[in-house]
Amino acid sequence: MSRVQNTLIESVRKVVGWVPERWLPGGTPDPLIGRHGAVGTQLAQLDGPQKVRGAARFAAEVPLEGLCYAALVNSPVTRGRITRLDTAAAEAAPGVLLVLTYRNMPRLGLVPLMGVTNLGAVGNSALPILQDDQIRYNGQVMALVLAETQQQADHAARLIDLSVDTAPALSDFQAAKPEARTPASILVERNEQSAGDAEAALRQAAFSTDATYTTPGHNHAAIELHGVTAHWTGNRLVLHDATQAVAPTAAALAKLFGLRREDVRVLSPFVGGGFGAKGFWDHQVLAVAAARMVDRPVRLMLSREAVFRMVGGRSPTEQRVAIGADAEGRFTALIHTGYSVMPPYSASPEQYTLGTRSLYRAQSYRFGQKHLDLDIVPNTFMRAPGESVGSFAVESAVDELAHAMDIDPVELRLRNEPETHPLTGTPFSQRALATAWRQGADRFGWDARSTMPRARRDGEWLLGMGCAAGNFPYVRMPSGALRIRLTRDGQATLSTSAQDMGMGTATVQTQHAADRLGLPLDAITFEMGDSDLPAAPVAGGSSQTVSIAAAIAAAASKLTVELLRLAGNASPLAGLRAGEVRLAEGGLVCIEDPTRRETYGDILTRAGRDEISVTETGAPPLEIFKYAMLSHSANFCEVRVSDVTGELRVTRLLGVFDVGTILNPRMAVSQLRGGMIMGLGMALSEEVLFDERSGRIMNPGLADYHIPAHLDVPEIDVTWTGIPDPRSPLGARGIGEIGITGVAAAIANAVFNATGKRLRDLPLTLDRLIGAEGA
Amino acid sequence: MAITINGTEVPLPEDPRMSLAEFLRDGLHLTGTKIGCNQGGCGACTVLIDGQRVLSCLTLAVQAEGREVTTIEGLSSGDDLHPLQEAFIAHDGFQCGYCTPGQICAATAMLRELAEGMPSSVTGDLSRPAPLTAEEIRERMSGNLCRCGAHNGIIAAILQVAQEGAA
Ligand code: FES
Ligand code: FES
């Protein structure tokens, strides 16, 4: 991310700032906002019956004739050179078809890294895949073994004899700090930004806090392992993949293997959880290459350990947050800086300071992030990259300041709500965080909280309450294409390559299409998860719902024009233009005179057509340059901490969300809760234990990397402000990631309230809490 | 030398190294049984052997010789879903659906354990049958991980079925 990019983005902002509102997407609010229809109803996930029967077919479950199975050998060291790689015993083992190493792997180019300057790219790693004898990180693939059965492949993989000349590696966070890099930009934002002299203002402030917070590495830990089934027929490739980026994966593979894009088909109808992890990594390339070499279909499912070693997670961070305030609690200085790991071959900058930049008004600011180049598996985007861990730091700091000033932490936040974006002065498209705070305080019974820490007790248990804000930007991806096919019997099929990991994409867009096209729900079919369908971008940044919604809106407009053309002079609609009709009750209706109308079926019949089909792309997301568009949350939490053992139980958790229109309340609750539970895991137990001496992950499994289990998860209360965003399709903003933000801080703040002990390092484990004594 | 799977006798696999999970998925294409870790850490591979819940990834197929294995595919008959399957839909007890078959199989056996009065580590009074509470169910289902965060819906679904005594 370069300086050129900063200049480019800033000039787009400037130009768009001058353009009249009505020329922009969202300039005139979407007419479906506030309309009562299928959107907003509690439709259950359409594929529910398949899922509960175990009939949903995932990527590593596709049965194929002649299928063979792969196993991998991963490097046990971090840096070095292979000096000996004896594959003879493995090759001679029963059932073995192929041993693939850097010596016989086809010579392939590099996969372009995904990023804001190359939206079509999908690479998570810019490192070569089995191309040379160099080892660049611990766990890098050294060999693939292909055999008739999984058992034979697993056995033979253990017979490979690998010797390595090890080289010194960079794996110590603290030791790497002097060499830290300061990138010019973080995603689309200029990295280092300041206003006024924040350090001086901090020194002069009536009240202040200045502390360092750390968060460890996190692993996505989707329950479905990364798996593919790869299959060639001649020069055509079919890949059954578990991916959040269907069409971009097909494009990347075509490029890498020198194929025409239309000769590659990627299918991903179901994905068993992604959270950022189900992207393009080495295993797809390895399976595709191996399948080509033996000319048979290949199944490669990573082991759980390999997922930890070969698919990067969230970077650890060390963050400084300092806040200065005047006697009334108005912020005079806000500083958020820090370090995270991002080797140059990784795509994800873990943007932990970005959320803070729009969260509070202050008289002076300083923001900036530094990257450490460690020799690690490339870190990547994980649910709310940046905001998840950044909100822990800033929202802990606000709590510290509130305590120092003896002000209620909700009140302190309300006093510092900004009117416009604090750095740019750009208006918010919609922001009702203050409403969310009030709504939440009321619902939670916040007034029962003791302002004094360590004041409430139930036997050995100390009780406390805490709160914290979260935020997450609205993103809409450019270039998502979608096809609407309408048939004479009044049925519509919508098709896009996008995919569904359980967010309910197909369900919600079916609801949307019913309203947009004026058809009943059972007249809509939504197809997705296939790269042969019109290409959609990666599902990330909570952007998919609004991106598809914009594509449906655009395709529906085009459909209107085409239908009017088809209707011709004999139609009651004759002479009307697109702006004069709307799609309703199964056809076109004149807005001025609703008696002038005709059904889709009648229009097609008269024109002698069986169907009509249009494909369109959503308008460019210029609204994000004209407005500050973000979702917000107010989180409340109650904990119990054992004074004897340090055991921490979260007993109550409430999230109040300001996320625009809720498209399907039932699935929205599930999505938001899911995010909050990941925040709970981040607070309580999640930690990639990284051996800084060897560069090796020490807990690569679900028995040792602890995600929340049922007993950790209380009944979670979720509600929302329900205020639509006038600038977005349907008034909605994505809700996949906002749930995780703020939760860890709310829990840590509740722990402080319970125990008087301020924990600035995640996770909040027993060793840090035992005999909790505090201020 | 056979296993009964969902009521049908199936010959044992040739390779004794094959786990029951692999045998079901790769050998019989009963892919409703999932593999989330292959090392006993997640519960996605839970099936019933003679009515008891087991992790099929930690069970060799040959160990099930002569026994009755029930998988998620065996819980429903035709279009009729098992009450737990219905309740999971009603309570939105899943998102991606990958942990779901394991959760449902585990819940089936767990409700029987509870009905038989088996205590758990959160049971307060060991002299009486364990009570039917959300807390008891949470504890007993903690071996089945869900990363999408469908926990509340899962527990609500199981509790409803337990209360209706329908399992
Ligand atoms: S796959 Fe068996 S417990 Fe995880
Ligand atoms: S529903 Fe996805 S892991 Fe449970």
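Sequence lines set the chain letters: A, B, ... in the order given, protein chains first and strands last, and positions in each chain run from 1.
- Proximity of a side-chain donor or acceptor of Arg304(A) to a complementary backbone N or O of Gly36(B) within less than 3.5 Å is detected.
- Listed for the Asn152(B) side chain is a donor-acceptor partner under 3.5 Å among the backbone atoms of Ile716(A).
- In this structure, the side chains of Arg17(B) and Gln152(A) come closer than 4.5 Å at one or more pairs of heavy atoms.
- Looking at Gln85(B), the atoms closer than 4.5 Å to chain A (heavy atoms on both sides) sit in the backbone and in the side chain alike.
- Closest heavy-atom contact between Thr31(B) and Arg57(A): OG1-NH1, 3.2 Å.
- Scanning residues 218-225 of chain A against chain B with a 4.5 Å non-hydrogen threshold yields Asn219(A), His220(A), Ala221(A), Ala222(A), Ile223(A), Glu224(A), Leu225(A), sorted by number.
- Heavy-atom pairs under 4.5 Å with chain B were tallied for Glu305(A), Arg666(A), Arg299(A); the largest tally goes to Arg666(A).
- In plain terms, the two heavy atoms of Leu702(A) and Cys37(B) that are nearest each other are CD1-CB, 4.2 Å.
- When heavy atoms are compared at a cutoff of 4.5 Å, Arg25(B) approaches chain A solely by way of its side chain, counted from C-beta outward.
- A 4.5 Å side-chain heavy-atom check between Val669(A) and Asp92(B) finds every atom pair outside the cut-off.
- The parts of Met667(A) that come within reach of chain B are both its backbone and its side chain, each placing non-hydrogen atoms under 4.5 angstrom from that chain.
- For the set Asp500(A), Ile677(A), Leu680(A), the entry with the most heavy-atom pairs within less than 4.5 Å of chain B is Ile677(A).
- With chain A as the partner, the residue from Asp15(B), Leu75(B), Thr100(B), Ile35(B) showing the most heavy-atom pairs under 4.5 Å is Ile35(B).
- Contact annotation for Phe308(A): neither backbone nor side-chain heavy atoms come within less than 4.5 Å of a heavy atom of chain B.
- Asp712(A) has its side chain out of reach of Arg138(B): every pair of non-hydrogen atoms, C-beta onward, lies at least 4.5 Å apart.
- When heavy atoms are compared at a cutoff of 4.5 Å, Ile154(B) approaches chain A solely by way of its side chain, counted from C-beta outward.
- Remark: Asp26(B) CG to Met301(A) CE distance equals 8.0 Å, nearest 0.5 Å.
- When each of Gly701(A), Pro714(A), Gly274(A) is checked for heavy-atom pairs under 4.5 Å with chain B, Pro714(A) comes out on top.
- Looking at Glu139(B), both its backbone and its side chain come within 4.5 Å of chain A, counting heavy atoms on both sides.
- For Ala156(B), no part lies near chain A; criterion is any non-hydrogen pair under 4.5 Å.
- Proximity to chain A involves both the backbone and the side chain of Glu135(B), based on heavy atoms less than 4.5 angstrom apart.
- Each of Gly675(A), Gly681(A), Pro708(A) has some count of heavy-atom pairs under 4.5 Å with chain B, and the biggest count is that of Pro708(A).
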Could you walk me through whether Glu22(B) and Gln151(A) pass the side-chain hydrogen bond (donor to acceptor under 3.5 Å, both in side chains) check?
CA-CA 9 Å; Glu22(B) 289 167 333; Gln151(A) 294 69 36; 2.6 Å; yes
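- The contact between Ile89(B) and chain A is made by backbone and side chain atoms together, counting heavy-atom distances below 4.5 Å.
- In this structure, the separation between NZ on Lys51(A) and SG on Cys99(B) is 10.5 Å, given to the nearest 0.5 Å.
- Among Ala90(B), Gly153(B), Gly102(B), the residue making the largest number of heavy-atom pairs under 4.5 Å with chain A is Ala90(B).
- Judged by distance alone, with hydrogens and angles left aside, the side-chain atoms of Ser142(B) form no donor-acceptor pair with the main-chain N or O of Ala709(A) at under 3.5 Å.
- Contact tally against chain B (heavy-atom pairs below 4.5 Å) for Ala703(A), Gly739(A), Gly674(A), Ala44(A): the top residue is Gly674(A).
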Phe94(B) and Ser670(A): CA distance, side-chain angles, deciding distance, side chain to side chain contact (heavy atoms under 4.5 Å, CB included) verdict
CA-CA 8 Å; Phe94(B) 53 88; Ser670(A) 289; over 6 Å; no
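- You'll find the side chain of His29(B) stays beyond 4.5 Å of the side chain of Glu61(A), heavy atoms only.
- Here salt bridge (charged side-chain N to carboxylate O under 4.0 Å, His left out) pairs that include residues 64-75 of chain B, with residues two or more places apart or in two chains, are Asp50(B)-Arg67(B).
- Summarising the geometry of Cys96(B) relative to Gly273(A), their closest heavy-atom pair is CB-N, 3.4 Å, with the distance given to 0.1 Å.
- Looking at heavy atoms from C-beta onward, Gln95(B) lies in side-chain contact with Gln671(A) at the 4.5 angstrom threshold.
- With rounding to the nearest 0.5 Å, the separation of CZ in Arg140(B) from CG in Leu711(A) is 11.5 Å.
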Please report the C-alpha distance between Ile155(B) and Val713(A) in whole Å, then the side-chain angles of each, then the deciding distance to 0.1 Å, and finally whether the side chain to side chain contact (heavy atoms under 4.5 Å, CB included) criterion is met.
CA-CA 10 Å; Ile155(B) 300 302; Val713(A) 182; over 6 Å; no
